[in-house]
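Some notes on the structure that comes next.
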Amino acid sequence: ALGREQIYSQNFYVDATLLRPGVSDYSLGAGMERASFGYKSNDYRNAFAAARYRYGISPWLTALAQSETSDDGSRIGAGAAFAATKAGRFDVSYARSASGARDGEAFQAAWRFLGDPVALGYSWEHSTDGYWRLGWGRNSDGRTLQTAFLAINPAGFGAASITWIDDQNERQAMRTLGVNFSPHLETPGDLQFNFTRVDDARAHYFAGIRFTMQVGGATASISLDHAAGRLDPQATMQSPADPAGGWGWSAAMGAGDISRLRLGAEFIGARNTAQIEYARVEGREGVRGSYQTSIVFVGGRIMTARSIRSSFALVDSGVPDVDVLIDNRRVGKTDIRGRFLVTDLRPYETNRISLDVAQLPLDMPVKSPDLRVTPAPQSGVMARFETVSAHGGEIRVVDDSGAPLPLGSLLLREDDGERFPVGHNGRAYISGLKTPARYVGDGGCTMILWPEHIAQNRQITCKAATQ
């Protein structure tokens, strides 16, 4: 088509951590601190409580306040995050703590810009002697931590990144430099190179190369790492479980100075997940397993679901055994009540939840096959699909002479504008009929259709319009 094309160019910056003006976000937590993690089970000490509150002041400014307290100490802090269109996001914060007879302070400033094809950022954190926060012991030393990163991803080149970390306190200093490069390949697969240098009392070097590709429905990779003068080859292959439910497996084998073998399997159910793993390292064997589920009170009832780590939604379709999709990805089926609890939604972002309309009964269509929800972090929302429970079925439509309406003609329902095609021998399938309605056929003929007509599979005459 001929016409005039207009192109509008406008700069914008999107950051999911900023809140709209007037929108608030808060969290409250309480429990016992985990001790000896990785060494002892069920070792909990020191009761604690924590609170966090954020408020959107403007489209580019969000304020933060937080507080923590336990048997070891207490802390209170405030901060802000603000963004500029061409400059990225800035974060600043200040906190003060009291632990025993010592007080401490902490300052933090950070900046990051995420663009295409360049992303970069820098952060600086400093805490004084005696500063305390949850997870830290009493009488901590002063510390200064700096981090910086640069990532580039130009078209046709590949992706490269550099990360720098400088961590210093009164007792020791450690600097880390990491470089990663993944070239653009014309063949299927992904090739990665990495190099790391760690400086503490002396310098340590690590380097590695990894190639990954799809093999059928599984992912296979081979890698070769070099550290402290030793080579460590490893091969892995895995087929993750379908997020909608099912089994997955993984296998890994390494050689070099330490030989190892690992085999694992996982299962994703509608309301739970389970894993089991076998490992053998230098002749020593071990087996571990896990089972996870969640208990949630939502929609006025208690439900069990997969482990909830982020936001979630209770889908209510009103129809059992229908596939539920998130961004066109199948994640499960509705239960006998027509419900399914969806986990791992993205907070502060639009999540598209939809149903497989091909699995819905013809006599129970939904007004909209998809919904869009924007949950808060660690929170749930209702995603209720409004169904139209109405009569649906087949009728035979004829004209005044008793001849069936022509193949391919249409019937228009005047109430809502729905159109229904006529098939062979005047047959037409009518859905969504709740009350008597008037239909108009091609050529202007009309008829009144009652729900009882569909139930009785009746022949209906479409009467020609009178002159």
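Checked by atom type, the side-chain pair Glu282/Ser259 shows a donor-acceptor distance below 3.5 Å. Using modelled atom types and a 3.5 Å distance limit, the side chains of Ser182 and Gln192 yield no donor-acceptor pair. No donor-acceptor contact under 3.5 angstrom links the side chains of Thr219 and Gln238, judged on distance only. Using modelled atom types, one finds no donor on one side chain facing an acceptor on the other under 3.5 Å when comparing Ser379 with Ser311. At a cut-off of 3.5 Å, with distance as the only test, no side-chain donor of Asn351 or Thr374 sits close to an acceptor on the other residue. Side-chain atoms of Arg54 and Gln66 include no donor-acceptor pair closer than 3.5 Å. Remark: the Ser221 side chain and the Thr236 side chain contain an N/O donor-acceptor pair separated by less than 3.5 Å. Using modelled atom types and a 3.5 Å distance limit, the side chains of Asn328 and Arg352 yield a donor-acceptor pair. There is no side-chain donor-acceptor pair under 3.5 Å between Asp25 and Tyr53. Residues Tyr439 and Glu414 bring no donor and acceptor atom of their side chains to less than 3.5 Å of each other. No donor-acceptor contact under 3.5 angstrom links the side chains of Gln234 and Ser223, judged on distance only.
Residues Asp400 and Lys463 meet the side-chain proximity criterion, which asks for heavy atoms closer than 4.5 Å. Annotation: side chain of Arg413 is not in contact with side chain of Arg438 (no heavy-atom distance under 4.5 Å). Inter-residue side-chain proximity for Thr147 and Thr163 is flagged as unmet; no heavy-atom pair is nearer than 4.5 Å.
Contact between Asp225 and Ile209 at its shortest, heavy atoms only, is OD1-N, 4.4 Å. Contact between Ala218 and Trp249 at its shortest, heavy atoms only, is CB-CZ2, 4.2 Å. The nearest pair of heavy atoms linking Asp232 to Ala255 is OD1-O, 3.3 Å. In terms of heavy-atom proximity, Gly56 sits nearest to Thr62 at CA-OG1, 4.2 Å.
The aromatic rings of Phe193 and Phe181 lie parallel to each other, their planes meeting at an angle below 30°, with 60° marking the opposite boundary. Aromatic ring pairs are classed by plane angle as parallel below 30°, tilted from 30° to 60° and perpendicular above 60°; the pair Phe82 and Phe90 is parallel.
Under a 4.0 Å N-O distance rule, the pair Arg384/Asp316 qualifies as a salt bridge. The pair Glu277-Arg262 counts as a salt bridge, with a side-chain nitrogen and a carboxylate oxygen less than 4.0 angstrom apart. Salt-bridge check for Arg45 with Asp72: failed, with every basic side-chain N at 4.0 Å or more from each acidic carboxylate O. In this structure, Asp344 does not pair ionically with Arg306, as no charged nitrogen and carboxylate oxygen lie closer than 4.0 Å. A salt bridge links Arg427 and Glu394; the closest N-O separation between the charged side-chain nitrogens and carboxylate oxygens is under 4.0 Å. By the 4.0 Å N-to-carboxylate-O rule, Asp327 lies close enough to Arg346 to be salt-bridged with it.
Counted within 6.0 Å of CE on Met303, heavy atoms from surrounding residues, nucleotides or ligands total more than 12; the atom is thus considered enclosed. Counting heavy-atom neighbours within 6.0 Å of Arg271 CZ, excluding the residue itself, gives a total of 12 or less. Heavy-atom neighbours of Tyr291 OH from other residues, nucleotides or ligands within 6.0 Å: above the threshold of 12.
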Carefully, step by step, assess Tyr278 and Glu285 under the rule side chain to side chain donor-acceptor pair (under 3.5 Å).
CA-CA 7 Å; Tyr278 163 81; Glu285 299 179 317; 2.5 Å; yes

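Here the side chain of Thr334 pairs a donor or acceptor atom with the backbone of Asp321 at under 3.5 angstrom. Side-chain atoms of Thr446 do not come within 3.5 Å of backbone N or O of Val440 as any donor-acceptor pair.
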